[in-house]
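Please read the structure below before turning to the comments.
Remember, it's 1-based here, ligands and their atoms both numbered in the order they're listed. Values reported hereafter were calculated over all heavy atoms of this structure, with side chains retained and with hydrogens, waters and symmetry mates removed.
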Amino acid sequence: MALANLIDGAFVPARSGRSLPDYDPATGLQVATLPDSGAADIDAAVAAALRAQPSWAAVAIEERATFLERIADGLAAAASALARLETLDTGKPIDLSSTLDVPRAVRNFRFFAGQVRHDRTDAHHGSDSLNYTLRTPIGVVGLITPWNLPLYLLSWKVAPALAMGNCVVAKPSELTPLTAAALCEVVTAAGLPKGVFNLVHGTGPAAGEPLVAHPQVRAISFTGGTATGARVATTAAPLFKKLSLELGGKNPTLIFADADLPAAAAGAVRAAFLNQGQVCLCGSRILIERSVYEQVRDAIVTDTKALVVGDPMQQGTQLGALISPDHLAKVQGYLALARQEGGAILCGGDRPSLPPPLAGGAFLRPTVIDGLPPTCRTATEEIFGPVATVHPFATDQEAIEIANGVRYGLSASVWTSNLARAHRVSAAVHTGMVWVNTWLLRDLRVPFGGVKDSGLGREGGPHSLEFFSDTRNICIKL
Ligand code: TXE
């Protein structure tokens, strides 16, 4: 399979003629090639987007919303093929691709079609003036997405960007180009005017960086690692671009003794290991009130050991492969560090022995580590793999201090049956999002994003529409 860029309505190779290999992380086998694009490809895509932008901005909102719905229909019609592509590219279980990634991508387009139809702006009436806010498209926007939820996160940005009348240049992760390429086919079949949606494949340094640096790209929405986010911010800041940065996390799961403990243990396991622990929201630090520590920790270990690790294409598999051998090596490096730091591995930590062709895949058993101080590197750095640490706490105050003792601040999950405690702890943790007695329960209208090193800005519902538009105040003297 040779993938192509979509520029100005045409499927084209990289101008250099170079390509990159794309691998299935479950087998290590090559499954496709993708264009190894560079600045010349980005320039062509931005030029096409600039040409298309005035007429796209003039398309009525109702019609733009109808385009989004047509894209949603196209994705829904291809749902099972898309789920297979996502699993092939990421190594995630097919049950997850088909129940989470693909349905959510469809929903993102439908949701923003509805959101833009019902969007409204402010008016301020004074004795001598009437002010109203006009929302205008930004122009050309750049969207850079990671490998952990490829189609889900790309659609989360593309839908509101198009809804608000912008033209798009998207740069998906070079590790997972397959569903992005499929989205190009769906968008083309939906009849979107040429140049409105452009997609350029390639690496971060070669293709992502020129997109961020391009002076005519007026906004960048980026999801990825914190170090890359810092680099994106450094490049974009002197150009005064709008920036949305959804970065990493080291999210705490706080389990209080008054919680429904079996539900809390099951919730903590799901939060730690969904998508092999490769979700920015994953709860990789599990804090348990001391009076129930052993009981809850042992339930977590039992539930973790029961998780089925294996062939991602097989129904019933709960953990597939990590994204790449390099990433597996990084995660294993943290396991070595955990041992040095005095941690006890209660389960996992090793690689399952799977039959060919999976023998060379990037698999790792889900791992629970006890006995580490909550301040050590293993317990404070983002590992982004199936590794969770467990820590006891004595008081609410101590739990909050541990929760806040990292550079990240994306989300937290609080398990308690005490309503007052739920409110108190939710208000005291420094994160952009808190779930109480649940995790990853998403209402697409709510603000999504983090504080501290987890990023900048909010997406979701009206926040996405606001990010992907400029506002102009118009003041009329009465
Ligand atoms: O992501 P990168 P990586 C975290 C996780 C992971 C670490 C590194 O801890 O181990 O980040 O992962 C593009 N200019 N998350 O290196 O590099 C890149 O091509 C512009 C958390 O794989 O951040 C890809 O499209 N773009 C995260 C995208 O940035 C650049 C999800 C993300 O890749 C670029 C993924 C540059 N200089 C990793 N360099 C989350 N928040 O969920 C790279 N890119």
* Backbone or side chain, does any N or O of T223 fall under 3.5 Å from an N or O of ligand 1? -> no
* Asked: Taking only heavy atoms of H327, which atoms of ligand 1 are found under 4.0 Å from at least one of them?
  -> 10 (O)
* Check whether any side-chain N or O of S37 sits under 3.5 Å from a backbone N or O of H201 as a donor-acceptor pair, and report yes or no. => yes
* Asked: Can you check whether T145's main-chain N or O pairs, donor with acceptor, with S173's side chain at less than 3.5 Å?
  -> no
* For atom 9 (O) of ligand 1, find the nearest protein heavy atom and state the residue, atom name and distance (0.1 Å precision). => E382 OE1, 2.6 Å
* Judged by atom type as modelled, is there a donor-acceptor pair below 3.5 Å linking the side chain of N166 to the main-chain atoms of F468? -> yes
* With a 4.0 Å cut-off, would you call R458 and E466 a salt bridge? -> no
* To do: Would you mind running through ligand 1 and noting each atom that sits below 4.0 Å from a heavy atom of P146?
  => 31 (C), 35 (C)
* Contact with ligand 1 for Q278, non-hydrogen, under 4.0 angstrom -> no
* What about F467 and W156, are their ring centers closer than 6.0 Å? -> no
* N/O of T203 under 3.5 Å from N/O of ligand 1, yes or no? -> no
* Asked: Which residue owns the protein heavy atom closest to atom 13 (C) of ligand 1, what's the atom, and how far is it?
  -> I144 CG2, 3.7 Å
* Is there at least one protein heavy-atom neighbour under 4.0 Å from atom 33 (O) of ligand 1? -> no
* **Atom indices of ligand 1, in the order listed, that fall short of 4.0 Å to a heavy atom of E246** => 41 (N)
* To do: Please test T87 against S97 for side chain to side chain donor-acceptor pair (under 3.5 Å), starting from the C-alpha separation and ending with a verdict.
  => CA-CA 6 Å; T87 287; S97 312; 2.6 Å; yes
* Asked: For ligand 1, which atoms, with element, lie under 4.0 Å from some heavy atom of E174?
  -> 18 (C), 19 (O)
* Protein contact of atom 11 (O) of ligand 1 - nearest heavy atom, named by residue and atom, plus distance -> G225 CA, 3.0 Å
* Asked: Near R231, which atoms of ligand 1 are under 4.0 Å from a heavy atom of that residue?
  -> 37 (N)
* Within the structure, does at least one protein heavy atom fall under 4.0 Å of atom 30 (C) of ligand 1? -> yes
* Do you see a donor-acceptor pair shorter than 3.5 Å between the side chains of E382 and T226? -> no
* Could you tell me whether some N/O pair between L247 and ligand 1 is separated by less than 3.5 angstrom? => yes
* More than 12 heavy atoms of other groups within 6.0 Å of K194 NZ -> no
* To do: Using a 4.0 Å heavy-atom cut-off, say whether E209 meets ligand 1 through its side chain, its backbone, both or neither.
  => both
* Asked: Would you say the side-chain atoms of K241 pair up with the backbone N or O of I220, donor to acceptor, closer than 3.5 Å?
  -> no
* To do: Could you tell me whether atom 16 (O) of ligand 1 has a protein heavy atom closer than 4.0 Å?
  => no
* Asked: Just one of D303, I345, I286, V390 clears the side-chain contact (heavy atoms from CB on, under 4.5 Å) bar with V368, so which one?
  -> V390
* Asked: Taking only heavy atoms of K171, which atoms of ligand 1 are found under 4.0 Å from at least one of them?
  -> 18 (C), 19 (O), 24 (C), 25 (O)
* Where the closest heavy atom to atom 28 (C) of ligand 1 is concerned, which of D326, N275, T145, L154 has it? -> T145
* Would you mind checking which non-hydrogen protein atom is closest to atom 39 (N) of ligand 1, with the distance to 0.1 Å? => T228 CG2, 3.2 Å
* Does P172 have a heavy atom less than 4.0 Å from any atom of ligand 1? -> yes
* To do: Without swapping roles, check the side chain of K452 against the backbone of V406 for a donor-acceptor pair under 3.5 Å.
  => yes
* **atom 6 (C) of ligand 1: nearest protein contact (heavy atom, Å)** => K330 NZ, 3.8 Å
* Structure fact -> When distances are taken from atom 20 (C) of ligand 1, the protein heavy atom at minimum range is G208 C, 3.4 Å
* Asked: Does D311 reach the main-chain N or O of T317 with its side chain, forming a donor-acceptor pair under 3.5 Å?
  -> no
* Identity and separation of the nearest protein heavy atom to atom 40 (C) of ligand 1 -> C280 CB, 3.6 Å
* Report yes if G204 has an N/O atom closer than 3.5 Å to an N/O atom of ligand 1; otherwise report no. => yes
* Asked: Hey, does the side chain of R218 reach the backbone of V140 with a donor-acceptor pair shorter than 3.5 angstrom?
  -> no
* Asked: Which atoms of ligand 1 have any heavy atom of F222 under 4.0 Å away?
  -> 23 (O), 28 (C), 29 (O)
* What is the closest protein heavy atom to atom 22 (O) of ligand 1, and at what distance does it sit? -> W147 NE1, 2.5 Å
* To do: Give me the one residue out of L319, L307, D350 that meets side-chain contact (heavy atoms from CB on, under 4.5 Å) with R365.
  => D350
* **Distance-only N or O hit between ligand 1 and T226, under 3.5 Å** => no
* Asked: Could you walk me through whether S244 and K157 pass the side chain to side chain donor-acceptor pair (under 3.5 Å) check?
  -> CA-CA 10 Å; S244 170; K157 299 181 192 297; 5.4 Å; no
* To do: Would you check whether V279 has a nitrogen or oxygen atom less than 3.5 angstrom from a nitrogen or oxygen atom of ligand 1?
  => no
* Side-chain donor or acceptor of T367 paired with backbone N/O of G349 under 3.5 Å -> yes
* Would you mind checking if D8 and R51 are paired as a salt bridge, meaning a charged N to carboxylate O distance below 4.0 Å? => yes
* G224 N/O to ligand 1 N/O under 3.5 Å -> yes
